[in-house]
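Okay, so here's the structure we're looking at.
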Amino acid sequence: MKEYACNVCSYVYDPALGDPGNGIAPGTPFEDLPDDWVCPECGVGKDEFSPLED
Amino acid sequence: MIEGNALREGIHWVGYVDWSVRDFHGYHTARGSTYNAYLVRDAKTALIDTVKGPYAADLLRHVAAYVDPANIDYIVCNHAETDHAGALGEVLQACPRAEVVCNEKCRAALSLHRDTSAWRFRVVRDGETLSLGRRTLQFIDTPMVHWPESMFTYLPEEKILFSMDAFGQHYASSRRFDDEESLDVVLAEAKTYWANIVMPYGKQVAAVLEKAATLDIETIAPSHGIVWRKNLPAILAAYKDWAVCRPHAKVLIAYDTMWGSTAKMARAIEEGATKQGGAEIRVHFIRASNITVLATEILDAATVALGSPTLNRTMMPEMGGLLTYYKGLRPLGKAGFAFGSYGWAKNGPNDVDAALKDLKFERLREPLTANYVPDDSVLDACRDAGAHLARKAVEMAEAFEG
């Protein structure tokens with residue numbers, strides 16, 4: 001599963017960790033995040049995220 | 001306290017004018033700054049933001065001209081950064097019954113700066129209101145304009161938007177309002193502020209402008225500089241352009257040089273661009289200029305030429321600093337090329353070129369280089385490249401308008 005970084009604040013979404021503070025269970029791939037999920041650090045939408053290079 | 005500080009009856013500026021600050025975390029504040037705080041007196045008394053830490057006593061003295069600080073009920077914190085919240089701890093000691101009104105992210109950020117265990121927080125959500133009596137404070141989250149916890153406070157009965165750093169300027173003045181100042185100067189400082197503080201967050205600002213368009217606003221009171229009460233259309237139009245880095249028919253040429261070769265190339269590029277016509281040309285020798293000015297210059301330039309010779313095994317350090325600054329600021333949609341002289345390795349201009357690629361600039365040509373000293377053929381190539389920069393800048397500005 002790929003990690004994604006926020007273009008605005010550089011927060012990294014790690015699918016292994018999920019985003020439990022916002023109801024996203026560990027093991028949730030970025031692609032499966034709900035459309036209204038926002039960056040927990042800075043509040044921008046999913047469209048502001050880019051996959052991290054390996 | 002002169003009445004010139006009144007925004008409305010019972011609403012006063014109580015901040016601090018910092019005439020002498022010239023280095024604001026690296027931002028060259030050529031005209032100083034102000035840290036604006038506002039006092040709203042009603043059945044309840046609210047202080048909107050504070051000032052930089054060292055000026056807590058000045059703020060309290062300004063407040064005391066209107067009301068005993070001990071009678072302040074709320075201190076709104078729109079932004080946790082030290083230049084606005086640094087004085088908060090000391091101010092709270094003089095305001096024993098005051099609650100700190102802020103959003104959850106701001107509460108967390110304030111608590112990471114200092115021990116806030118004795119503070120009384122009133123955490124508010126986006127859109128929430130707080131009645132002061134006849135008047136109301138409404139809180140509007142503005143994430144990443146320019147920190148995650150950033151917030152506006154709106155006072156609907158008076159149509160005042162306390163916009164925190166948005167619409168601000170680092171500009172010290174004894175006057176408080178835009179109609180008391182030269183609009184050109186205030187707009188120029190607002191542009192410099194935008195370029196150096198807000199540029200990476202153009203999309204977020206665009207979203208905030210959309211949100212703010214639904215509010216009835218007569219006065220914009222930022223946390224730095226002059227309050228907007230006359231020229232709102234001018235600053236709002238400027239923000240719309242800056243949010244998308246709108247290109248003007250403008251060429252920026254910035255360079256560093258060791259023994260003058262790269263400077264000669266820069267002047268030949270300038271010559272070609274000037275002869276071509278149609279575009280404004282700006283030339284900066286980086287070490288005689290500064291990154292603050294160069295951030296402002298690139299904001300509305302359509303095309304750029306950045307030059308450095310090879311020093312040791314790469315570009316010169318001031319150019320490296322400028323490119324690092326640009327990397328963070330992320331100016332959008334620029335076109336241009338790298339240039340510079342070299343002795344035995346082209347690393348200087350090549351590394352500038354690689355940085356332009358990382359910035360996602362459209363590169364108009366391979367790096368333009370001179371071996372030690374530019375000869376006539378190199379200088380002719382520089383003139384041609386300069387003419388190309390000017391033509392391209394005019395095209396880009398027209399395409400944007402079209």
Side-chain angles (χ1 to χ4, degrees), chain A, chain B residues 78-81 102-109 111-112 123-128 139-152 164-166 197-211 243-245 324-333 354 357-360:
Chain A
M1 287 187 292
K2 246 187 179 344
E3 293 182 336
Y4 280 69
C6 175
N7 299 335
V8 177
C9 76
S10 306
Y11 164 86
V12 174
Y13 177 77
D14 179 350
L17 302 176
D19 178 17
N22 293 295
I24 306 296
T28 307
F30 182 83
E31 295 74 14
D32 291 355
L33 290 171
D35 289 341
D36 60 356
W37 180 83
V38 295
C39 174
E41 191 62 56
C42 76
V44 301
K46 278 180 77 176
D47 57 330
E48 285 280 9
F49 278 72
S50 307
L52 283 184
E53 307 293 329
D54 290 324
Chain B
N78 282 320
H79 182 25
E81 199 169 4
C102 64
N103 61 33
E104 175 51 32
K105 277 187 189 295
C106 189
R107 189 203 58 74
S111 302
L112 289 165
V123 172
V124 292
R125 289 174 179 276
D126 183 39
E128 200 171 323
F139 308 103
I140 302 163
D141 284 344
T142 57
M144 298 319 281
V145 181
H146 64 119
W147 275 20
E149 87 298 349
S150 297
M151 178 175 96
F152 289 174
M164 177 255 319
D165 282 342
I197 303 284
V198 192
M199 200 195 299
Y201 312 115
K203 264 193 189 175
Q204 286 67 45
V205 172
V208 164
L209 289 178
E210 218 165 278
K211 223 169 166 181
V244 291
C245 262
T324 298
Y325 200 47
Y326 282 169
K327 181 182 174 186
L329 292 172
R330 256 190 306 206
L332 300 172
K357 184 182 175 199
D358 283 348
L359 284 167
K360 300 191 167 66

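Just so it is clear: chains get the letters A, B, ... in the order the sequence lines come, proteins before strands, and each one is counted from 1. Since the structure is predicted, the reported quantities are computational estimates derived from the model, not experimental observations. When reading the values below, keep in mind they use all heavy atoms of this one structure, side chains included, and skip hydrogens, waters and symmetry mates.
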(request) List the atom of B/Pro148, the atom of A/Cys42, and the distance in Å for their closest heavy-atom pair. (result)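 That closest heavy-atom pairing would be CB-CA, 4.2 Å.
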(request) List the atom of A/Val8, the atom of B/Gln204, and the distance in Å for their closest heavy-atom pair. (result)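 Closest approach of A/Val8 to B/Gln204: CG2-NE2, 3.5 Å.
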(request) Determine whether A/Val44 and B/Lys203 make a side-chain contact, defined as any pair of heavy atoms from C-beta on separated by less than 4.5 Å. (result) no
(request) Would you mind reporting whether B/Met144 and A/Glu48 have side-chain heavy atoms less than 4.5 Å apart? (result)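 SC-SC contact between A/Glu48 and B/Met144 ruled out.
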(request) Evaluate whether atom NZ of B/Lys211 has more than 12 neighbouring non-hydrogen atoms of other residues, nucleotides or ligands under 6.0 angstrom away. (result)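 Buried by this count: over 12 neighbours within 6.0 Å.
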(message) Are there over 12 heavy-atom neighbours, none belonging to B/Glu210, within less than 6.0 Å of that residue's CD?
(response)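 No, CD of B/Glu210 has 12 or fewer neighbouring heavy atoms, counting only those of other groups under 6.0 Å.
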(request) Would you mind listing every salt bridge (charged side-chain N to carboxylate O under 4.0 Å, His left out) that reaches into residues 33-44 of chain A, with sequence neighbours excluded? (result)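 Applying salt bridge (charged side-chain N to carboxylate O under 4.0 Å, His left out) to every pair that reaches into residues 33-44 of chain A, excluding sequence neighbours, yields nothing.
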